[in-house]
Amino acid sequence: QLVESGGGLVQAGGSLRLSCVASGSTSSINGMEWYRQAPGKQRELVATISSSHSTNYADSVKGRFTISRDNAKNTVSLQMNSLKSEDTGVYYCAADYKRMLQDGTYEVGRAWGQGTQVTVSS
């Protein structure tokens, strides 16, 4: 289970920090990501971070957003600076997992949080 927090209303140029806490079979988590979905648009990938803390960003947020994770606390965060109106949307965290089932086979999947609203006013 993933639970996001930290969304809200901010003026353009401001900052917000989103957090996402994972619970359950956290030892099976590999990569973690932040996605966002603006009204009337498809969900898009914002940033990714691997279990070894390697990161990637969408071109639109490079230099402004920073993704980080704390494996001990099972959290992933997204620091968003210099926010623009086009950053408005619902932000979702996601976690890719691979876990072994009782029969010895593996289940691979992606878990999603419920989303948190970010609104940037111009």
Side-chain angles (χ1 to χ4, degrees):
Q1 183 181 6
L2 302 173
V3 179
E4 301 104 333
S5 62
L9 173 64
V10 64
Q11 289 188 334
S15 298
L16 279 176
R17 184 177 181 86
L18 306 182
S19 295
C20 175
V21 179
S23 60
S25 301
T26 56
S27 61
S28 63
I29 293 175
N30 296 314
M32 301 187 79
E33 303 88 31
W34 284 98
Y35 286 79
R36 68 185 179 189
Q37 187 166 19
K41 294 187 177 181
Q42 290 188 332
R43 190 172 298 188
E44 64 173 350
L45 180 63
V46 175
T48 69
I49 186 166
S50 69
S51 55
S52 59
H53 299 266
S54 175
T55 60
N56 280 290
Y57 299 91
D59 288 342
S60 59
V61 307
K62 280 181 182 177
R64 300 188 298 121
F65 290 12
T66 302
I67 188 171
S68 61
R69 68 189 286 177
D70 185 332
N71 292 334
K73 296 182 179 179
N74 301 313
T75 60
V76 61
S77 299
L78 186 68
Q79 177 66 42
M80 305 186 293
N81 299 327
S82 302
L83 283 162
K84 305 175 181 180
S85 57
E86 50 263 44
D87 294 319
T88 293
V90 179
Y91 283 69
Y92 300 88
C93 73
D96 300 318
Y97 63 87
K98 179 181 179 181
R99 62 188 180 196
M100 189 170 71
L101 303 178
Q102 287 187 340
D103 62 2
T105 61
Y106 283 90
E107 177 188 29
V108 177
R110 172 170 291 170
W112 293 90
Q114 82 286 354
T116 185
Q117 177 70 45
V118 171
T119 303
V120 183
S121 63
S122 55

Which distance, rounded to the nearest 0.5 Å, do you find between the CZ of F65 and the OG of S77?
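Going from CZ on F65 over to OG on S77, the span is 13.5 Å.
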Spacing of NZ belonging to K41 relative to OG1 belonging to T88, to within rounding of 0.5 Å
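Rounded to the nearest 0.5 Å, the NZ-OG1 separation comes out at 10.5 Å.
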Listed partners of [X] passing salt bridge (charged side-chain N to carboxylate O under 4.0 Å, His left out), at least two apart:
| X | result |
| --- | --- |
| K62 | D59 |
| E107 | R99 |
| E33 | R110 |

Check against side-chain contact (heavy atoms from CB on, under 4.5 Å), M32 and D96:
CA-CA 6 Å; M32 301 187 79; D96 300 318; over 6 Å; no
Kindly give the cluster partners of [X], where membership spreads through any ILVMFWY side chain lying under 4.5 Å from a current member.
| X | result |
| --- | --- |
| V21 | none |
| Y97 | none |
| L101 | none |
| L45 | Y35, V90, Y92, W112 |

Could you check whether any side-chain heavy atom of S23 comes within less than 4.5 Å of a side-chain heavy atom of Q1, counting everything from C-beta outward?
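Yes; the side chains approach each other to less than 4.5 Å.
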Is there a donor-acceptor contact under 3.5 Å from the side chain of Y57 to the main chain of I67?
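Answer holds: yes.
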Given 3.5 Å as the limit, does a donor-acceptor pair link the side chain of S122 with the main chain of S85, or not?
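Answer holds: no.
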Counterpart residues, side-chain hydrogen bond (donor to acceptor under 3.5 Å, both in side chains), relative to R64 (two or more places apart)
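Here the qualifying residues are D87.
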Salt bridge (Lys or Arg N to Asp or Glu O under 4.0 Å): which pairs involve residues 69-78, sequence neighbours left out?
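Every candidate salt bridge (Lys or Arg N to Asp or Glu O under 4.0 Å) pair involving residues 69-78 fails, so no pair, neighbours aside, qualifies.
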Among residues two or more places apart or on two chains, list those pairs meeting salt bridge (Lys or Arg N to Asp or Glu O under 4.0 Å) that have a residue in residues 43-57.
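For residues 43-57: R36-E44.
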Show the atom names and distances, to 0.1 Å, of all donor-acceptor pairs under 3.5 Å that link a side chain in residues 10-20 to residues at least two apart or in another chain.
from	atom 1	to	atom 2	distance (Å)
S15	OG	N81	OD1	2.9
R17	NH1	Q79	OE1	3.3

Would Q117 and Y91 count as a side-chain contact (heavy atoms from CB on, under 4.5 Å) here? Give the steps.
CA-CA 6 Å; Q117 177 70 45; Y91 283 69; over 6 Å; no
Could you tell me whether the side chains of S50 and S52 share a donor-acceptor contact shorter than 3.5 Å?
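Yes.
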If you compare all heavy atoms of A47 against all heavy atoms of L78, which two are closest, and at what distance to 0.1 Å?
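For A47 versus L78, the nearest heavy atoms are CB-CD1, 4.2 Å.
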Closest approach of V76 and C93, non-hydrogen atoms and distance?
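For V76 and C93, the tightest heavy-atom pair comes out as CG1-CB, 4.4 Å.
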Considering residues at least two apart in sequence or located in another chain, which fulfil the side-chain contact (heavy atoms from CB on, under 4.5 Å) criterion with A22?
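Here the qualifying residues are L2, T26, I29, N74.
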Mind running side-chain contact (heavy atoms from CB on, under 4.5 Å) on T55 and T48 for me, showing each step along the way?
CA-CA 5 Å; T55 60; T48 69; 5.9 Å; no
